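Here's the structure we're looking at; comments come further down.
Since the model is a prediction, treat every value here as computed from it, not as a measurement.
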Amino acid sequence: NPLPVQPGHQGGTGGGPTTVSGDKNYADSLSTEVTNYLGKAKKAYGKGDYKGAESLYQSVLDLDPNNKTASDGLTQATEMKKAKENQDNK
């Protein structure tokens with residue numbers, strides 16, 4: 001007896017589930033991208049570019065919504081941006 005085909009699965013070649021190695025390659029690529037964004041965000045923050053840091057931390061969260069480093073960094077960058085704006089307006 002042939003194995004039942006799961007709904008949404010085409011069977012045969014193509015259209016099948018992603019292989020484990022494909023998942024690993026995607027995870028590695030995502031991890032590299034997240035690491036790059038975090039590095040750029042930290043540099044922007046260190047230079048006082050809080051708006052740029054906010055954008056970069058948000059990019060990390062778009063890729064990895066549970067990334068605590070990015071979440072904390074976004075909060076800090078937002079607070080510093082507001083403080084800087086208040087200082088500039090005095």
Side-chain angles (χ1 to χ4, degrees):
N1 288 343
L3 295 173
V5 175
Q6 304 230 346
H9 184 273
Q10 300 296 321
T13 60
T18 304
T19 63
V20 172
S21 64
D23 288 345
K24 183 181 183 324
N25 289 341
Y26 173 76
D28 288 348
S29 174
L30 183 65
S31 177
T32 299
E33 199 168 355
V34 165
T35 300
N36 287 340
Y37 277 129
L38 285 174
K40 289 177 182 179
K42 289 174 185 177
K43 283 183 184 177
Y45 185 93
K47 292 179 182 177
D49 177 10
Y50 304 120
K51 187 174 181 179
E54 274 184 317
S55 177
L56 290 160
Y57 282 126
Q58 186 58 58
S59 294
V60 172
L61 292 171
D62 290 344
L63 295 169
D64 181 6
N66 298 318
N67 189 298
K68 180 154 174 47
T69 301
S71 179
D72 292 348
L74 179 59
T75 299
Q76 291 175 346
T78 301
E79 289 173 359
M80 292 301 289
K81 184 182 83 170
K82 287 178 184 175
K84 184 177 179 187
E85 288 171 353
N86 288 339
Q87 189 69 23
D88 290 346
N89 291 331
K90 288 186 179 182

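Qualifying ring-ring contact (aromatic ring centres under 6.0 Å, His included) partners for Y45, counting only residues two or more places apart in sequence or in other chains: Y50. Contacts of D28 classified as salt bridge (Lys or Arg N to Asp or Glu O under 4.0 Å), with partners at least two apart in sequence or in another chain: K24.
The stretch residues 61-83 participates, sequence neighbours left out, in these side-chain hydrogen bond (donor to acceptor under 3.5 Å, both in side chains) pairs: E54-T78, E54-K81, Q58-D62, D64-N67, K68-D72. Counting only residues at least two apart or on different chains, no ring pair (Phe, Tyr, Trp, His ring centres under 6.0 Å) pair has a member in residues 61-90.
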Give the table of side-chain donor-acceptor pairs shorter than 3.5 Å for residues 35-43, with sequence neighbours excluded, one pair per line with atom names and distance.
unit_1, atom_1, unit_2, atom_2, d
T35, OG1, S31, O, 2.8
N36, ND2, T32, O, 3.4

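Residues A53 and A44 approach most closely at N-CB, 3.8 Å, considering heavy atoms.
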- [ ] Go through D49 and K51 one step at a time and tell me if the side chain to side chain contact (heavy atoms under 4.5 Å, CB included) criterion holds.
- [x] CA-CA 6 Å; D49 177 10; K51 187 174 181 179; 4.2 Å; yes

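Linking Ile, Leu, Val, Met, Phe, Trp and Tyr whenever their side-chain heavy atoms come within less than 4.5 Å puts V34 and L74 in one cluster.
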